[in-house]
Amino acid sequence: MGAARPIEEDISQQRQAELLTSTGNGPTVDNETELLEDAFGPADDHGIYGAPAPADDSDSADEGGNPSRPRMLGGNTGGLEEMIQAMEGWLGLGEPNVIQEWYRQRNGNDYAGNFAWCNATITRAAYDSDNYQAVCFDTDWAYTVAHAARFNTDKQWTAMTNGILKSGIRRGDIVFFDWDGTSEIGKIDHVGIVTSVSTDGKYVYTIEGNTANVCARRVRVVHDIAGYGRPKYPTAGTTTSTTPARYQVTINGLPYGYGAKGSHITTVGEALVRAGFGKHYMEGPGPEWGDADTRNYSDFQKSLGYKGTASGQDADGVPGASTLKALLGTLPAPLAKPAAPKPTAPAYEPFPGKAFFHGGRHSPIITALGRRLVVLGYGKHYRTGPGPNWTNADRDNVRDFQRAQGWTGDDADGYPGPETWKRLKVPKV
């Protein structure tokens, strides 16, 4: 942060290491936890929001289970969703870590120690997902300024000067941050990848390496975003038009996209059918968003003039606020949060009458009384129990409780009266 860093496009790894600085990044909004829970559900046991589901290889394999396309590690046969999945695979990673070791093995001991690894995470995810050329231009990046400068040189850079919505930032973009709030490439501090954008334009949701020393989801605001680079993702794999987009967005607190569930999903499907965009339904529409919903919604988006059916493009079949409003006439209201349950008054055992307490009385109420006396600190006369039989130990403990109330004489005879019982608050049996 502070003074601008050198912008050098043709830069060696030694020079990148020399210019690399620590990030010091972290949450930027007070309600980040709430926003992340709304978008991705509660955190898991490791504090990770929206951890990736187990891989479903059904769309990338033939009937015999063999991959339908070759893996070219470090090549350019991946796609936007593969890049997101690779970043998700590093969620929860701390430091020092295997990304740093991988980068060091490739680029030498200039990267010894616990160096800042946010851009190394982007590099590793791009390499592993076969997006190395699209995201990294076939170069390993650790120095964020140089990476952003390369996007700019190739006319794939957009400065964050017109706000989040007008900038067009979207899922899959490589987003760069300046904590001082400028849009200058030379002042960039940090980098991540965009997973979604709030419909009101207030927030950009990301996955970032080296954020508070881990890889995590974050919620970013316009002040911190310097700009973004838009990779030219290949159209192989999950970004082809034959395999629908399989990610979700949240609009007014409601999820839309593959796997989203609720009556609002049925409403969208029924509206698509009424508008003449239901040809992909074999049954339904129903309350769970499937590929047929995505394909029908893509047809509707194309009818509005939007283009691009690859995942993350404007007609990929995942709703945005403007197209959803065009379809339904109005955006569905957010779900009201359920009211907190009213506390229920504790149930106490009714006073059974003073005559109830006498030698030979056997009742679970006697046990409950004894246990309550123990809880309140008046159980020293019990040698065993408490139990269901009224004994001298019960009477002596009740007497101690009565004396502690300041009572004497007949008021402290060891037999519960109405006021003694009221103050004891014996739980109902």
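Because only heavy atoms are used, hydrogens play no part in the values below, and waters and symmetry mates are left out as well, while side chains stay in. Computed from a prediction, not measured in an experiment: that's the story for all the values here.
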Inter-residue atom distance [X].[atom1] - [Y].[atom2], 0.5 Å rounding:
X      : Y      : atom1 : atom2 : result
Ile169 : Ile174 : CD1   : CD1   : 10.0 Å
Lys325 : Leu331 : NZ    : CG    : 6.5 Å
Ser198 : Ile164 : OG    : CD1   : 6.5 Å
Ile193 : Ile84  : CD1   : CD1   : 4.0 Å
Ile185 : Ile188 : CD1   : CD1   : 5.5 Å
Leu272 : Asp293 : CG    : CG    : 7.5 Å

Any sub-3.5 Å donor-acceptor pair from [X]'s side-chain atoms to [Y]'s backbone N or O?
X      : Y      : answer
Asp38  : Gly253 : no
Gln405 : Phe401 : yes
Tyr382 : Asp394 : no
Asn107 : Gln13  : no
Trp90  : Ile207 : no
Gln156 : Arg230 : yes
Gln301 : Tyr306 : no
Asp173 : Arg170 : yes
Thr28  : Val219 : yes
Thr33  : Asn31  : no

Under the side chain to side chain contact (heavy atoms under 4.5 Å, CB included) test, residues paired with Ala120 that sit two or more places apart
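Once residues adjacent in sequence are excluded, the partners of Ala120 under the side chain to side chain contact (heavy atoms under 4.5 Å, CB included) criterion are Ile99, Tyr103, Phe115, Trp117.
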
Using the side chain to side chain contact (heavy atoms under 4.5 Å, CB included) rule, take Tyr233 and Met83 through it: C-alpha gap first, then chi angles, then the decisive distance, then the call.
CA-CA 9 Å; Tyr233 288 109; Met83 182 66 187; 3.8 Å; yes

Between Phe151 and His147, does the ring centre distance come in under 6.0 Å?
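Yes, the ring centres sit under 6.0 Å apart.
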
Ring centroid separation Trp157 to Phe176 under 6.0 Å:
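Ring centres of Phe176 and Trp157 closer than 6.0 Å.
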
Is any side-chain heavy atom of [X] less than 4.5 Å from a side-chain heavy atom of [Y]?
X      : Y      : answer
Trp141 : Ile11  : yes
Ile251 : Pro319 : yes
Cys215 : Asn210 : no
Ile122 : Asn119 : yes
Arg372 : Leu376 : yes
Leu93  : Val214 : no
Glu82  : Thr77  : no
Asn109 : Arg104 : yes

Side-chain donor-acceptor pair present, [X], [Y], cut-off under 3.5 Å:
X      : Y      : result
Thr182 : Asp180 : no
Asp110 : Gln14  : no
Gln105 : Glu101 : yes
Thr123 : Tyr132 : no

Report the residues that fulfil salt bridge (Lys or Arg N to Asp or Glu O under 4.0 Å) with [X], sequence neighbours left out, ordered by chain and then residue number.
X      : result
Asp44  : none
Asp400 : none
Glu8   : Arg15
Lys302 : Asp299

Under the ring pair (Phe, Tyr, Trp, His ring centres under 6.0 Å) test, residues paired with Tyr281 that sit two or more places apart:
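Residues passing ring pair (Phe, Tyr, Trp, His ring centres under 6.0 Å) with Tyr281: none at all.
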
For the residue pair [X] and [Y], does the interplanar ring angle fall in the parallel (under 30°), tilted (30 to 60°) or perpendicular (over 60°) class?
X      : Y      : result
Tyr205 : Phe40  : perpendicular
Tyr297 : Phe300 : perpendicular
His190 : Trp179 : tilted

Mind running side chain to side chain contact (heavy atoms under 4.5 Å, CB included) on Ile265 and Glu288 for me, showing each step along the way?
CA-CA 6 Å; Ile265 302 300; Glu288 181 171 357; 5.9 Å; no

Any ion pair linking [Y] and [X] (charged N to carboxylate O, less than 4.0 Å)?
X      : Y      : result
Glu32  : Arg218 : yes
Arg150 : Asp138 : no
Asp140 : Arg106 : yes
Lys232 : Asp154 : no

Quick one: closest heavy-atom pair of Ala149 and Ile7, and the distance?
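The pair with the smallest heavy-atom distance is CB-CG2, 3.6 Å.
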
Which atoms form the tightest heavy-atom contact between Cys136 and Ala126, and what is the distance?
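Smallest heavy-atom distance, with atoms named: SG-CB, 3.9 Å.
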
Going through the checks in order, is the side chain to side chain contact (heavy atoms under 4.5 Å, CB included) test met by Phe351 and Lys422?
CA-CA 8 Å; Phe351 180 50; Lys422 178 181 176 182; over 6 Å; no

Decide salt bridge (Lys or Arg N to Asp or Glu O under 4.0 Å) for Arg217 and Glu208; before the verdict, give the C-alpha distance in whole Å, the side-chain angles of both, and the deciding distance to 0.1 Å.
CA-CA 6 Å; Arg217 296 189 189 272; Glu208 303 163 20; over 6 Å; no

Is the charged tip of Arg171 near the ring of Tyr247: under 6.0 Å from the six-membered ring centre and within 45° of its axis?
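Ring-cation test returns yes.
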
Arg220 to Phe177, cation-pi by 6.0 Å centre distance and 45° axis angle
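Yes - Arg220 lies over the ring of Phe177, closer than 6.0 Å to its centre and within 45° of its axis.
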
Exactly one of Tyr258, Tyr256, Trp289 should register a side-chain hydrogen bond (donor to acceptor under 3.5 Å, both in side chains) with Thr294. Which one does?
Trp289

Please test Leu324 against Val268 for side chain to side chain contact (heavy atoms under 4.5 Å, CB included), starting from the C-alpha separation and ending with a verdict.
CA-CA 8 Å; Leu324 190 61; Val268 171; 3.9 Å; yes

Working note: Asp316 + Lys307, criterion salt bridge (Lys or Arg N to Asp or Glu O under 4.0 Å); need CA distance, chi angles, decisive distance, verdict.
CA-CA 8 Å; Asp316 66 354; Lys307 301 182 183 299; over 6 Å; no

